[in-house]
Amino acid sequence: MEENEVIKLRQALGCWYEANHRKLPWRENEDPYRIWVSEVMLQQTRVETVIPYYRRFMTRFPSVDSLSDADTETLLKLWEGLGYYARARNLLRSAQILRRDHGGRLPNTRAELSGLPGIGDYIAAAVLSIAFQQPVAVVDGNVKRILARLFMEASAVNDPAAKNRFADLAERLLDHRHPGRFNQAMMELGQRICIPSAPNCVPCPIRENCRAFQNNATADYPQRLPKKTPPLQKMTFAVVMRGKRFLILRRPGQGLLGGLWEFPGEVIQDQPIDEGKVIDMIRRQTGVQATILRRLGNVRHAYTHFRVSADVYLCHYREGDVRLDGHTAYHWIQPEEIRQYAVHKMIHKMMPLLTLPFTAGNPSPTAVTRQ
């Protein structure tokens with residue numbers, strides 16, 4: 001693409017964005033904190049999903065200092081349903097570092113930003129360009145798709161080896177005078193016009209620059225490497241009832257779904273489901289003896305890199321004090337109290353199964369955290 005074409009592309013894209021961009025809450029100003037939080041939330045998540053979470057988050061944590069004072073339990077509950085919970089934990093860790101080392105302000109250099117937990121190349125580029133107007137191009141899935149069609153780029157967008165190729169193309173097009181506007185315009189175009197299938201080319205402001213459009217080949221780009229089917233992980237979960245209450249456990253703070261609450265459960269790999277193994281799992285994880293009343297059903301859920309199929313059992317507490325092995329805390333709660341806890345999506349999917357009458361009994365102990 002010749003330089004004069006690039007200049008026209010920048011102008012056309014900028015004018016389109018000024019006239020057509022959505023009024024999103026994180027665009028109300030160029031506060032680096034607000035932009036950072038929004039970009040973290042928008043990772044792997046649709047704009048429409050993020051908006052209500054973002055509004056609640058900013059009401060509760062309007063600044064780096066307020067976020068740095070958050071307790072993990074409150075933060076995870078606020079994040080519940082948004083997924084990828086490591087993002088929330090990294091936000092908290094980064095906020096604490098920012099208050100300690102940077103006076104509660106986000107730094108304006110790539111090196112310092114990239115040194116914060118959870119901030120990679122994309123988020124660093126977004127914050128630097130939008131909040132600080134530094135000439136750094138952002139490259140996400142939307143941008144790669146546009147670039148692939150503009151240049152009829154043969155590199156697969158999901159090939160890690162093509163990362164530098166797409167970065168070079170993005171830098172070639174970047175409007176250095178208005179980098180924040182340009183980057184947001186590219187993302188907006190990818191979300192609304194240059195969509196994965198059946199792109200709406202008629203109102204596209206840069207279609208005259210698009211080789212795929214000119215060659216009637218938009219359906220052929222971007223090219224992708226074949227995706228592997230995510231492996232299926234089989235699990236069992238046990239809803240252990242003690243009277244009208246059931247037992248929930250808190251996962252360790254780090255790792256997948258860290259800090260969230262759940263029922264006792266484990267991966268069963270290729271083993272056949274055996275009720276005796278469910279009883280043994282309850283004993284190993286909680287120290288209590290239980291009996292199985294019935295199988296409640298099966299729930300399925302897909303994570304980014306694997307799928308889960310879980311059989312859920314309703315169990316009756318018999319005896320024993322809770323002694324945790326792996327989890328960090330427990331509660332005996334009534335079904336309606338589950339709303340007070342940050343639980344992962346699998347648990348939400350199990351709750352409709354709990355429509356059976358519960359046996360009467362004595363209330364159980366309050367939460368105990370293992371030291």
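Looking at residues two or more places apart in sequence or on another chain, you find a side chain to side chain contact (heavy atoms under 4.5 Å, CB included) between S155 and E153, A162, R165, F166. By the side chain to side chain contact (heavy atoms under 4.5 Å, CB included) test, R177 pairs with D175, sequence neighbours left out.
Aromatic pair H305/Y303: ring centres not closer than 6.0 Å. Outside the 6.0 Å centre-distance limit, the rings of Y54 and F57 are not counted as a close aromatic pair.
Using the six-membered ring where Trp is involved, Y17 and H21 have ring planes that are parallel, under 30° apart on the 30 and 60° scheme. Ring geometry for Y341 versus W261: interplanar angle over 60°, hence perpendicular rather than tilted (30 to 60°).
The closest side-chain donor-acceptor pair between R27 and Q184 falls under 3.5 angstrom. E337 and H331 form no side-chain donor-acceptor contact under 3.5 Å, judged by distance and modelled atom types alone. Residues R250 and T72 bring no donor and acceptor atom of their side chains to less than 3.5 Å of each other. Side-chain polar atoms of E39 and Y122 form a donor-acceptor pair below 3.5 angstrom. Of the N and O atoms on the side chains of R93 and N90, at least one donor lies less than 3.5 Å from an acceptor on the other residue.
The nearest pair of heavy atoms linking G326 to P252 is O-CG, 3.2 Å.
Using a 4.0 Å cut-off between charged side-chain N and carboxylate O, K8 and E5 make no salt bridge.
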Can you list the steps and then say if R22 with Q191 is a side chain to side chain donor-acceptor pair (under 3.5 Å)?
CA-CA 11 Å; R22 290 166 292 181; Q191 292 164 1; 2.3 Å; yes
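Here the straight-line distance linking atom CZ of R242 with atom OH of Y317 works out to 4.0 Å at 0.5 Å rounding.
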